[in-house]
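The structure displayed is predicted, hence computed values, not measured ones.
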Amino acid sequence: MWYLIDAKNKILGRLISKIAYILIGKNKSNYLPYKNNSDYIILINVSKILVTGNKFKNKKYYFHSGYVGSIKYITFNKMLKKSPEFIIRHAIKGMLPKNILSNKKLKRLKIYSGDNYKEYAQKPILIDI
């Protein structure tokens, strides 16, 4: 089953926890932790997501090349302008179980920063989270 979720004016953590719940497959009655029976999710308007408190200025994403002294960071504000899809994918990957199926479950998530998406033929169901 395909779900369409609009992320416009939604809080990041609350939205991501519900999306991870669906990607894991716990919303189904036939849930098994070792099976990938999750649904597909199309997430639109990611660039208009909100965070609470001072996270807009203070939250940082760290990168390291492996060399000594080469750690770099980028703030949430700059990352939202540069790559809003990374913010969502990074947060959801942290909430998925750390096993072999996590990458397969993450591939069932389609993220778009605008209103347009390609999966019209699947006729996704619009859900409000």
Side-chain angles (χ1 to χ4, degrees):
M1 183 170 285
W2 288 73
Y3 294 115
L4 177 66
I5 300 172
D6 191 5
K8 185 176 183 179
N9 298 327
K10 300 278 171 66
I11 304 296
L12 176 68
R14 295 175 188 268
L15 178 69
I16 297 302
S17 64
K18 292 176 184 171
I19 290 173
Y21 188 78
I22 294 171
L23 281 177
I24 293 169
K26 287 193 172 183
N27 61 335
K28 294 189 171 192
S29 62
N30 59 353
Y31 165 72
L32 293 171
Y34 54 86
K35 290 244 181 177
N36 188 11
N37 58 357
S38 62
D39 297 322
Y40 288 87
I41 295 179
I42 303 167
L43 192 61
I44 58 173
N45 289 328
V46 180
S47 59
K48 297 177 179 111
I49 200 147
L50 301 175
V51 289
T52 58
N54 292 328
K55 293 185 201 99
F56 199 72
K57 293 181 282 188
N58 296 340
K59 184 168 177 63
K60 297 174 184 171
Y61 294 97
Y62 291 95
F63 301 97
H64 196 274
S65 68
Y67 290 103
V68 177
S70 66
I71 193 163
K72 298 176 184 175
Y73 68 89
I74 186 167
T75 61
F76 180 84
N77 186 14
K78 290 180 183 176
M79 184 61 84
L80 190 63
K81 292 175 184 172
K82 180 181 175 185
S83 176
E85 296 88 7
F86 173 81
I87 294 171
I88 301 294
R89 196 167 302 278
H90 180 74
I92 289 178
K93 187 172 183 177
M95 290 189 181
L96 289 178
K98 308 319 186 253
N99 57 18
I100 295 171
L101 292 176
S102 64
N103 286 336
K104 293 179 183 177
K105 290 178 181 182
L106 198 58
K107 286 181 183 177
R108 292 177 175 253
L109 177 68
K110 312 296 181 190
I111 303 172
Y112 299 101
S113 59
D115 286 335
N116 300 329
Y117 58 95
K118 296 185 263 186
E119 293 81 14
Y120 290 108
Q122 281 72 27
K123 297 179 183 168
I125 300 169
L126 179 65
I127 58 172
D128 188 30
I129 293 180

Q | Atom pair OH/NZ of Y120 and K118 - distance to nearest 0.5 Å | A | 11.5 Å
(Q) Looking at every heavy atom in both I49 and K10, which two are closest together, and how far apart are they? (A) CG1-O, 3.3 Å
Q: Spell out, yes or no, whether L23 and Y31 are grouped together once hydrophobic residues are joined by side-chain heavy atoms under 4.5 Å, including indirect joins.
A: yes
Q) CD1 of I22 to NZ of K28: how many Å apart, nearest 0.5 Å? A) 10.5 Å
Q) Heavy-atom distance under 4.5 Å between the side chains of D6 and L43, does that happen here? A) no
Q: Measure the spacing between CZ of F56 and OG1 of T75 and express it to the nearest 0.5 Å.
A: 8.5 Å
Q: Could you list who else is in I11's hydrophobic cluster, with ILVMFWY side chains joined at under 4.5 Å, directly or through other members?
A: L50
Q: Run through the side-chain heavy atoms of Ile, Leu, Val, Met, Phe, Trp and Tyr, join any pair under 4.5 Å, and report what else lands in Y62's cluster.
A: I71, Y73
Q.
Let me confirm one number: the CG-NZ distance from N54 to K59, rounded to the nearest 0.5 Å.
A. 13.0 Å
Q: Check the side chains of S47 and N45 for a donor-acceptor pair under 3.5 angstrom, ignoring hydrogens and angles.
A: no
Q | Derivation and outcome, side-chain contact (heavy atoms from CB on, under 4.5 Å), residues I16 and Y21 | A | CA-CA 8 Å; I16 297 302; Y21 188 78; over 6 Å; no
**Q.** Residue pair M95 / A20: nearest heavy atoms and the distance that separates them
**A.** CB-CB, 3.9 Å
**Q.** Check: I41 and L4 side chains under 4.5 Å, non-hydrogen atoms
**A.** no
Q. S38 side chain to G25 main-chain N or O, any donor-acceptor pair under 3.5 Å?
A. no
**Q.** Same cluster (ILVMFWY, side-chain, under 4.5 Å), L96 and I5
**A.** yes
Q) Taking a hydrophobic cluster as the set of Ile, Leu, Val, Met, Phe, Trp and Tyr residues connected by side-chain heavy atoms closer than 4.5 Å, whether directly or through intermediates, do Y40 and I88 fall within one such cluster? A) no
Q: Give the ring-plane orientation class for F86 versus F63, where under 30° counts as parallel, over 60° as perpendicular and anything between as tilted.
A: tilted
(Q) Do L12 and T52 make a side-chain contact, defined as non-hydrogen atoms from C-beta onward lying under 4.5 Å apart? (A) no
Q | N/O donor-acceptor pair under 3.5 Å between K93 side chain and L106 backbone | A | no
Q) Backbone N or O of I44 within a donor-acceptor pair of the K48 side chain at under 3.5 Å? A) no
**Q.** E85 side chain reached by Y112 side chain, heavy atoms, under 4.5 Å
**A.** no
Q. Is the number of heavy atoms from other residues, nucleotides or ligands within 6.0 Å of NZ (K98) greater than 12?
A. yes
Q) Side chains of I74 and K60: closer than 4.5 Å at any heavy-atom pair? A) no
Q. Could you give the distance from NZ (K104) to CG (N99), rounded to the nearest 0.5 Å?
A. 10.0 Å
Q. Is V46 reachable from M79 through a run of hydrophobic residues whose side-chain heavy atoms are each under 4.5 Å from the next?
A. yes
Q) With side chains defined as the heavy atoms from C-beta onward, is the minimum distance between N77 and K57 less than 4.5 Å? A) no
Q: Could you grab the distance from atom CZ of R108 to atom CD1 of I42, nearest 0.5 Å is fine?
A: 13.0 Å
Q. What is the minimum heavy-atom distance between I111 and R89, and which atoms define it?
A. CD1-NH2, 3.7 Å
Q) Which atom names give the shortest non-hydrogen contact between M1 and I125, and what distance separates them? A) SD-CD1, 3.8 Å
Q: Might you point out which heavy atoms bring N37 and L32 nearest each other, and give the distance in Å?
A: ND2-N, 4.3 Å
Q | same_hphob_cluster(I127, L109) at 4.5 Å side-chain heavy-atom cutoff | A | yes
(Q) If we count only N and O atoms by modelled type, under 3.5 Å, do the side chains of Y117 and Q122 hold a donor and an acceptor together? (A) no
Q: State, with a plain yes or no, whether a side-chain heavy atom of Y61 is found less than 4.5 Å away from one of I87.
A: yes
(Q) Taking the side chain as everything from C-beta on, heavy atoms only, tell me whether E119 gets closer than 4.5 Å to P124. (A) no
Q: Answer yes or no for K78 and F76: cation-pi contact, defined as NZ/CZ to six-membered ring centre under 6.0 Å and angle to ring axis within 45°.
A: no
